[in-house]
Amino acid sequence: QVKLVESGGGLVQAGGSLKLSCAASGRTFSSYVMGWFRQAPGKEREFVAAISRNGGSTFYADSVKGRFTISRDNAKNTVYLQMNSLKPEDTAVYSCAADQGYSTPYSHRVYDYWGQGTQVTVSS
């Protein structure tokens with residue numbers, strides 16, 4: 001069992017930056033692929049980014065590539081999402097998720113544990 005708690009959301013103007021954190025409980029954090037997803041009102045949950053167990057591989061949605069960076073610190077049981085050049089269309093609830101399997105990281109269906117989410121609002 002893994003408990004995930006996100007933080008770092010807030011209100012920011014377009015062009016600004018935010019850094020989200022997701023702290024995980026337990027001693028097996030390094031055994032999970034970690035992902036970030038977002039969901040805007042009235043829209044389906046959308047893949048944002050994912051990172052492999054040792055941090056050596058990262059995956060991004062085309063809509064955030066070049067602007068967002070995912071990273072992890074296994075010693076701190078934490079995964080991060082650095083978001084730069086934010087746009088109003090990035091407004092959503094951002095959730096982190098943990099996958100103990102070996103499937104493609106792009107689908108929310110493969111993730112086993114989810115955080116409660118943190119709101120990111122980008123004003124124009």
Side-chain angles (χ1 to χ4, degrees):
Q1 189 79 12
V2 175
K3 182 178 180 181
L4 304 173
V5 180
E6 302 95 335
S7 61
L11 174 64
V12 64
Q13 289 189 331
S17 298
L18 280 176
K19 186 173 185 178
L20 305 183
S21 299
C22 172
S25 64
R27 295 176 290 179
T28 59
F29 178 72
S30 60
S31 67
Y32 295 94
V33 170
M34 297 300 296
W36 284 97
F37 288 78
R38 66 187 181 185
Q39 189 166 20
K43 295 188 176 181
E44 293 187 353
R45 184 159 40 189
E46 175 188 24
F47 170 79
V48 176
I51 188 166
S52 62
R53 290 168 172 81
N54 65 1
S57 297
T58 55
F59 310 84
Y60 296 96
D62 287 344
S63 58
V64 307
K65 202 171 293 184
R67 300 188 298 124
F68 290 12
T69 302
I70 188 171
S71 61
R72 67 190 297 163
D73 186 337
N74 286 344
K76 296 182 178 180
N77 283 11
T78 303
V79 61
Y80 305 97
L81 186 67
Q82 176 68 47
M83 306 185 294
N84 299 329
S85 303
L86 283 161
K87 305 175 181 179
E89 51 264 43
D90 294 319
T91 295
V93 174
Y94 284 70
S95 299
C96 66
D99 171 23
Q100 58 188 356
Y102 294 86
S103 303
T104 173
Y106 300 102
S107 171
H108 69 275
R109 294 180 178 86
V110 308
Y111 289 84
D112 304 290
Y113 304 102
W114 290 84
Q116 83 289 348
T118 185
Q119 176 70 47
V120 171
T121 303
V122 184
S123 63
S124 58

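Two residues are said to be in side-chain contact when any heavy atoms from C-beta on lie closer than 4.5 Å; Phe68 and Leu86 meet this criterion. The shortest side-chain heavy-atom distance between Tyr80 and Lys19 falls under the 4.5 Å cut-off. Contact annotation: the side chain of Ser95 approaches that of Glu6 to within less than 4.5 Å [non-hydrogen atoms, C-beta and beyond].
For the atom pair Met34 CE and Thr58 OG1, the distance stands at 14.5 Å (nearest 0.5 Å).
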Could you walk me through whether Tyr102 and Arg53 pass side-chain contact (heavy atoms from CB on, under 4.5 Å), step by step?
-> CA-CA 10 Å; Tyr102 294 86; Arg53 290 168 172 81; 3.6 Å; yes
Take Phe29 and Lys76, measure what side-chain contact (heavy atoms from CB on, under 4.5 Å) needs, and give me the verdict at the end.
-> CA-CA 9 Å; Phe29 178 72; Lys76 296 182 178 180; over 6 Å; no
Val120 and Leu20: CA distance, side-chain angles, deciding distance, side-chain contact (heavy atoms from CB on, under 4.5 Å) verdict | CA-CA 9 Å; Val120 171; Leu20 305 183; 4.0 Å; yes
Kindly determine whether Val93 and Thr118 satisfy side-chain contact (heavy atoms from CB on, under 4.5 Å), including the steps that lead there.
-> CA-CA 5 Å; Val93 174; Thr118 185; over 6 Å; no
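Of all heavy-atom pairs spanning Val48 and Leu81, the tightest one is CG1-CD2, 4.1 Å.
Residue pairs meeting the salt bridge (Lys or Arg N to Asp or Glu O under 4.0 Å) criterion with at least one partner in residues 55-68, sequence neighbours excluded, are Asp62-Lys65, Arg67-Asp90.
Side-chain N or O atoms of Arg72 include none that pairs as donor or acceptor with a backbone N or O of Val33 at under 3.5 Å. With Thr78 contributing its side chain and Ala23 its backbone, the two residues share no donor-acceptor pair below 3.5 Å.
Between Tyr111 and Phe37, the ring centre distance stays below 6.0 Å.
With 3.5 Å as the limit, one finds no donor-acceptor pair spanning the side chains of Asp73 and Ser71.
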